[in-house]
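Following: one structure in structure tokens, then a few remarks.
In this text the structure is predicted, and so the values were computed from the model without any measurement. Order of the sequence lines fixes the chain letters, A, B, ..., with proteins taken first and strands second; residue numbering starts at 1 for each chain.
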Amino acid sequence: RNNGYAISTPTNDQYAGDGIVSRAPGYGMAGIRVDGNDLFAVHAAVREARNYALETSSPVMIEAMTYRQGHHSTSDDSSRYRDGEEVRLATDVSDPIVRLDRFLERYGWMNETDVASVEDEERLAVLKAMEGAESRPDPSLSTMFEDVYWEKPPHLVRQEAGLRDHLRRHGVSFQ
Amino acid sequence: MVNLVMTSSKSVRLTTSILRGNIRTRSRAIGANAERYLSIRPRPLHSPASRATNGQTIQSKIEFRRTFSSATAVAPLTRSSPAGDPAYQYASAYDPSTPEPDYPALGSTSKLNLFSAINAAMSTAMHTDPTAIVFGEDVAFGGVFRCSQNLLEKYGSHRVFNTPLSENGIAGMAVGYASAGGTAIGEIQFADYIFPAMDQIVNEMAKFRYRSGNQWNCGGVTLRAPCGAVGHGGLYHSQSPESYLAHTPGLVVVMPRGPRCAKGLLLSAIRSKDPVVFLEPKILYRASVEEVPDADYEIPLGKAEIIREGADVTVVGWGAQLRTLQKACELALKDGISCELIDLRTILPWDSETIIKSVMKTGKLVVSHEAPITCGFGAEVAATLQQECFFYLEAPIQRVCGYDTPFNLVFEKYYLPDEKKNLDAIRKVMDLSR
């Protein structure tokens with residue numbers, strides 16, 4: 001997914017060549033570039049790529065072109081390095097959800113009320129899932145030393161015992 | 001390769017005659033003219049005193065390249081020798097007896113946090129050294145931690161620019177630029193991402209001077225990276241890789257504990273004749289605020305600082321861990337235990353002399369760091385101290401460190417060597433020594 005940015009670095013600072021898919025021939029792979037904001041185009045591209053891969057047992061690189069509308073993360077404020085106008089333009093022209101909505105409306109398969117009710121339903125489901133996840137207790141302290149290796153080696157057994165002993169002595173409750 | 005020692009036409013002829021012939025005739029020629037070589041006084045490449053008068057002007061910013069490696073290194077910090085003698089002082093650049101800056105004499109200070117102090121140091125370095133460039137991921141708009149803010153506006157896009165997302169590219173470019181004589185200040189966005197660059201750091205950067213018999217070097221490299229626990233960093237935004245780096249002869253590894261020493265250490269690192277990896281504890285970027293001198297000052301590398309004098313136990317740490325250790329020392333004081341707290345500052349080459357002197361006094365040592373205990377740098381400190389101070393030790397050396405697991409998210413507060421764990425270690429050595 002080529003969304004035009006790596007935090008504050010636009011793609012023209014990232015590479016001088018023609019995007020990512022141009023590297024595919026360099027690696028002896030088939031490649032396809034697709035409008036990542038067009039649901040049906042992406043579906044078609046992936047379907048063709050899948051068939052190709054199954055038929056030839058060789059990989060396909062798909063570069064889906066899109067635009068990062070939001071900030072890189074909650075610690076990022078993208079107005080510090082890009083123009084609001086650029087974001088507005090990309091959003092107005094090519095927001096994938098809006099394009100799909102308009103397509104569905106045009107064929108009468110969905111209308112505004114349908115969309116609104118689906119959105120409400122999904123929003124509620126996400127909030128419920130978050131609530132459920134947040135209300136779960138912390139994992140047990142023993143998980144801290146598990147899965148470092150297949151089996152806990154002696155030094156980790158000792159370190160865990162040391163930590164439990166330390167917490168007990170200082171009256172810290174833990175699972 | 002041509003030895004560009006442009007001091008007089010005689011020297012140029014001499015140099016050419018040395019390049020001709022075989023190794024035997026060459027060394028004879030050098031030996032016979034040793035005095036002439038010794039009379040040439042090179043200056044530290046980036047020092048404002050580079051153009052100091054000693055009767056000879058170095059016409060261009062070309063480093064003196066010795067054709068033999070038996071001569072001792074130039075000491076970049078001995079510019080202002082008290083006798084005013086511009087001759088070589090064969091002290092090492094990492095001499096722990098090098099004095100600290102005279103802070104009152106430096107004049108006015110400003111209240112700065114860590115990222116502002118780093119910013120000030122880079123700006124000063126760029127101002128005094130026209131070859132200095134700053135590059136890395138997202139540094140152009142100011143950096144994800146604002147360390148490089150306003151540098152693009154001040155110094156231009158040819159000196160402050162973004163690189164592609166490639167740490168080995170950043171390190172490799174730094175090596176290349178520095179080997180051509182420039183000052184390369186590269187940024188690795190998080191120390192956790194330094195690992196793709198390890199081949200460039202270990203196999204190129206650290207070995208450049210050695211493998212060329214000191215004909216070339218990349219001392220102009222400084223790689224900065226934010227390190228350490230931050231409360232929510234998890235596996236890949238919390239690591240302290242200083243011990244991976246310290247296992248690399250030829251590299252210098254530095255970690256400041258606050259804004260004031262960060263500015264001085266970073267200026268030393270940038271101007272150092274050796275490649276430096278400068279690790280910045282990210283949790284201190286905003287949290288640590290100190291009065292930082294506005295002047296241009298350098299803090300010696302290779303020298304530890306005793307930040308709290310004591311008589312009973314020596315406690316050693318670096319970076320953000322010193323805040324935890326200060327708390328532990330305060331708690332220990334309530335028990336009547338007086339701790340001597342030492343900040344290593346430079347991890348490699350490290351100042352064992354200061355620690356040894358302290359342990360000879362106290363007889364007890366506690367070392368603490370966030371990085372996992374096995375093969376953490378505390379192991380190096382402990383091994384050296386038991387070798388040098390075995391008969392002065394009254395109790396086994398304690399290491400209070402992170403566990404040997406990846407840096408976890410949920411249990412960060414249990415993972416870290418907090419002040420309670422350190423207090424326990426301090427009490428333990430006191431009990432064992434009685």
For A:Leu104, look at atom CG and say whether over 12 heavy atoms of other residues, nucleotides or ligands are found less than 6.0 Å away.
yes

Pick one of side chain, backbone, both or neither for A:Leu156, based on which atoms fall under 4.5 Å of a heavy atom in chain B.
side chain

Of the backbone (N, CA, C, O) and the side chain (C-beta and beyond), which part of A:Leu167 lies under 4.5 Å from a heavy atom of chain B, both, or neither?
side chain

Donor-acceptor pairs, chain B vs chain A, cutoff 3.5 Å:
residue	atom	partner	partner atom	Å
B:Asp138	OD1	A:Ser8	N	2.7
B:Asp138	OD1	A:Ser8	OG	2.5
B:Asp138	OD1	A:Thr9	N	3.2
B:Asp138	OD1	A:Thr9	OG1	2.9
B:Leu165	N	A:Gln14	OE1	2.5
B:Asp404	N	A:Gln159	OE1	2.9
B:Asp404	OD2	A:Gln159	NE2	2.9
B:Asp424	OD1	A:His170	NE2	3.4
B:Asp424	OD2	A:His166	ND1	3.2
B:Asp424	OD2	A:Arg169	NH1	3.0
B:Asp424	OD2	A:His170	NE2	2.9

Look at B:Gly142, B:Pro406, B:Ala140, B:Pro164 and state which one has the largest set of heavy-atom pairs under 4.5 Å with chain A.
B:Pro164

Using non-hydrogen atoms and a 4.5 Å limit, figure out which bit of A:Pro139 sits close to chain B: side chain, backbone, both or neither.
both

